[in-house]
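Data block below; observations after.
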Amino acid sequence: MIRLYNTLTRKKEDFQTLEPNLVRMYVCGVTVYNDAHVGHAMSALVFDIIRRYLEYRGYTVKHVMNYTDVDDKIINRAKQLGEDPLKLSQRYVEDYARDMRDLNILPATSYPQVSRTMPLIIQFIEGLIQKEAAYAASNGDVYFSVTGDEDYGKLSGRKLDDMQAGARIEVGEAKAHPMDFALWKAAKPGEISWDSPWGKGRPGWHIECSAMNLAELGEQIDIHGGGNDLIFPHHENEIAQTESYTGKPFARYWVHNGMLQMGGEKMSKSLGNMVSIKEFLQKRDADVMRMLVLSSNYRAPLIFSEETQDAAEKSLERLKSALRPVSVSANGLAAEAAAALVSQADSAKQSFIDAMDDDFNTPLALAALYELVKTINTARDQGATNDQLKPAQETLRELTGVLGLRLQEKQGAGGADRFVELLVEVRSEVRKQKLWQLSDLIRDKLKELGVTIEDSKDGTQWRWS
RNA sequence: GGCGUCGUGGCCAAGUGGUAAGGCAAGGGUCUGCAAAACCCUCAUUCAGGGGUUCGAAUCCCCUCGACGCCUCCA
């Protein structure tokens, strides 16, 4: 039984889907007006890992991720660049998709966009007005009425009375209650807008997700995810809208990832302390980012530093070490030891599943994998043949694959391998003649060129590093 | 000011009542011409601090200190 932490109840709960074997999962995506950063990568990776694991456990996952392509920031940026806002956002939609692909994140089932959901959004707002959960104001805006929603605040644990509305928010003259939020914003002159019963305008931030959810997944969903900075007001307001509209509980499980931290602060567009996904991938492999995310609980803040990145890289090397073949002179394990290897692989797999079942406890799951690594490496040291090692290695491949790790050995530039082979061969001759200085020189120089050489009794192995 | 999450060895981190997993780093060893890799051994009487509950607490309660997030756009 899978258990997962539900922000709504602040408890771990047994995972039970609305429909057997089907998971409806909606994850709040990004506002597309700039390069995505590693914080976005963290969130995307968390839900990619969850999705992969649910699929591994036999579920079909309908995974919806939206793009906010109509928004103040997009409009402002477009104005700066003298570009059409929808063209600008579309460019970044495609850019984001590339980033996701480069991070080895599985494509979502669908990617709704605000600009393409307009009729449904308007219909949704009309429905809310009919139910008197919302009202059209004199200025052309439409607001959701929080006072009419009895359990408003249940996700974030806030009470209307506690919230110091107006302290930092400009209370619009037209709002009946300071915490009422916009479903529809009247267009300012020259702004991109859509026709509506309330005049030209565009949707507020929260309504889009309610509408797209309804369109893509229906009135009720299993998992609603996003960064924990979205809990309030975004997700709180989504619940308010959708439940007022449908009269049914919206998402069964609210899942939120912790923030990625740079030097003690969260990374965000507004703080300007961000590292883009592209910048990251120029320096490190996609697996490194994923390993970083795996190394701590998804709900906890993730420290993004050179030190933690280095550690993640080392951890990957460790996993890879178990996947390497045996040396040529392996004598083979006794049947008993070979059987033990297989059973240890099985128990590692069970530990892995137990860990992941418990709210996707990836650090614990990794611990199970490290144990398997040690088992495999020990067997290799004791003379296991490749055939004997293979089942355990395949288990390791399977489980790291569930986490989305590729564990690829680095490749050399086209055709370079042949020349490395040649050098290694020559060096072996040199070593036979015990010309150690020369052979060490070759080893050092190759190291500088990214080739690691390892000598053993059975000869020399090399790889790109 | 309010709401929430959290504080475990040099670093990352698991552990929610039964006596501290794992990884990295470090030190020693096996192997090696030397390295590297792999393997073996060592590495927190202690879980921010102080009270309390309990036969027993890192785990529950209270207080203090500290960090972070949200309350305004944010993954």
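Model, not experiment: these values are computed from the prediction. Any value given below was found using the heavy atoms of this structure, including those in side chains, with hydrogens, waters and symmetry copies removed. Labels below follow one simple rule: chain letters A, B, ... track the order of the sequence lines, proteins then strands, and each chain is numbered from 1.
- The residue Ile231(A) sits apart from the nucleic acid: no heavy atom pair falls under 4.0 Å.
- Look at CG on Leu323(A): it is 14 Å from C1' on A38(B), rounded to the nearest Å.
- The listed nucleotides are C11(B), C70(B), C12(B); the one nearest the side chain of Asp229(A) is C70(B).
- Distances shown here put a side-chain N or O of Lys314(A) below 4.0 Å from the OP1 or OP2 atom of A25(B).
- Of the listed nucleotides (A75(B), G33(B), C71(B)), C71(B) has the atom at the smallest distance from the side chain of Pro233(A).
- We find that Lys432(A) and Glu429(A) are joined by a salt bridge, their nearest charged nitrogen and carboxylate oxygen being less than 4.0 Å apart.
- Residue Asn6(A) contributes atom CG, which lies 16 Å from atom P of G4(B) at whole-angstrom precision.
- Looking at the side chain of Arg318(A), the nearest of the listed nucleotides C31(B), A38(B), G33(B) is A38(B).
- G18(B) sits 32 Å from C3(B) when the P atoms are compared, rounded to a whole Å.
- The nucleotide whose nearest atom lies closest to any side-chain atom of His37(A) is, among A38(B), C34(B), A75(B), A75(B).
- In this structure, a donor-acceptor pair under 3.5 Å is absent between the side chains of Asn237(A) and Gln241(A).
- One P atom belongs to A13(B), the other to G69(B), and the distance between them is 16 Å to the nearest Å.
- U46(B) sits 40 Å from U32(B) when the C1' atoms are compared, rounded to a whole Å.
- Closest contact between the side chain of Glu454(A) and the listed nucleotides A21(B), A37(B), C34(B) involves A37(B).
- Within 3.5 Å, a donor on the side chain of Arg158(A) pairs with an acceptor on the base of C70(B), or the reverse.
- Residues Tyr53(A) and Ile2(A) have side chains in contact (heavy-atom distance under 4.5 Å, counting atoms from C-beta outward).
- Between Tyr67(A) and Tyr111(A), the ring centre distance stays below 6.0 Å.
- Donor-acceptor pairing under 3.5 Å is recorded for the side chains of Thr68(A) and Glu208(A).
- Note on Ile303(A): only backbone sugar-phosphate atoms sit closer than 4.0 angstrom, heavy atoms only; bases stay farther off.
- As a whole-Å value, the separation of Leu8(A) CG from C3(B) C1' is 15 Å.
- Using the Watson-Crick or G-U wobble rule with both distances under 3.5 Å, A21(B) pairs with nothing in any strand shown.
- For A26(B), the paired base is U42(B) (Watson-Crick or G-U wobble, both distances below 3.5 Å).
- Side-chain N/O atoms of Asp455(A) and base N/O atoms of C34(B) include a donor-acceptor pair closer than 3.5 Å.
- Comparing the C1' positions of A48(B) and U54(B) gives an interatomic distance of 23 Å, to the nearest angstrom.
- At a threshold of 4.0 angstrom between heavy atoms, the contacts of Asp72(A) with the nucleic acid are absent.
- Straight-line distance from the NE2 atom of His235(A) to the C1' atom of G4(B): 16 Å, rounded to whole Å.
- Distance CG (Asp458(A)) to P (A37(B)): 19 Å, rounded to an integer number of Å.
- Counting heavy atoms from C-beta outward, Asn297(A) and Asn361(A) have side chains that stay 4.5 Å or more apart.
- Taking atom P in both C12(B) and G4(B), the straight-line distance is 27 Å, to the nearest Å.
- Contact annotation for Gly29(A): backbone-only contact, meaning every heavy-atom pair under 4.0 Å involves sugar-phosphate atoms and none involves a base.
- Taking only side-chain atoms of Asn361(A), from C-beta outward, the nucleotide of G15(B), C39(B), G23(B) with the closest atom is G15(B).
- Here Arg10(A) lies in heavy-atom contact (under 4.0 Å) with sugar-phosphate atoms only.
- The Leu364(A) side chain lies nearest to A14(B) when the options are A75(B), A38(B), A14(B).
- C68(B) atom C1' lies 14 Å from atom CG of Asn257(A), rounded to whole Å.
- Set against G33(B), A25(B), A75(B), the side chain of Met42(A) has A75(B) as its closest nucleotide.
- Between Asp381(A) and Lys374(A) there is no salt bridge, since none of the side-chain N atoms of the basic residue sits less than 4.0 Å from a carboxylate O of the acidic one.
- Rounded to whole Å, the P atom of U16(B) lies 12 Å from the corresponding atom of G7(B).
- Ser439(A) comes within contact range of at least one nucleobase, with a heavy-atom separation under 4.0 Å.
- The gap from the P atom of U45(B) to that of U64(B) amounts to 29 Å, rounded to the nearest Å.
- One P atom belongs to U19(B), the other to U59(B), and the distance between them is 15 Å to the nearest Å.
- Looking at Asp95(A) and Lys278(A), a side-chain N of the basic residue comes within less than 4.0 Å of a carboxylate O on the acidic one, giving a salt bridge.
- Across all strands shown, nothing is found opposite A37(B) as a Watson-Crick or G-U wobble partner with both distances under 3.5 Å.
- In this structure, the nucleotide among C12(B), C39(B), A38(B) sitting nearest to the side chain of Lys374(A) is C39(B).
- Base pairing annotation: A48(B) forms a Watson-Crick or G-U wobble pair with U64(B), both donor-acceptor distances under 3.5 Å.
- Pair assignment for C3(B) gives G69(B), based on Watson-Crick or G-U wobble hydrogen-bonding distances that are each under 3.5 Å.
- As a whole-Å value, the separation of Tyr5(A) OH from C6(B) C1' is 11 Å.
- Between the side chain of Arg443(A) and the base of C34(B), a donor-acceptor pair under 3.5 Å is found.
- Evaluation of atom-type donor-acceptor distances gives no pair under 3.5 Å for the side chain of Asn228(A) against the base of G4(B).
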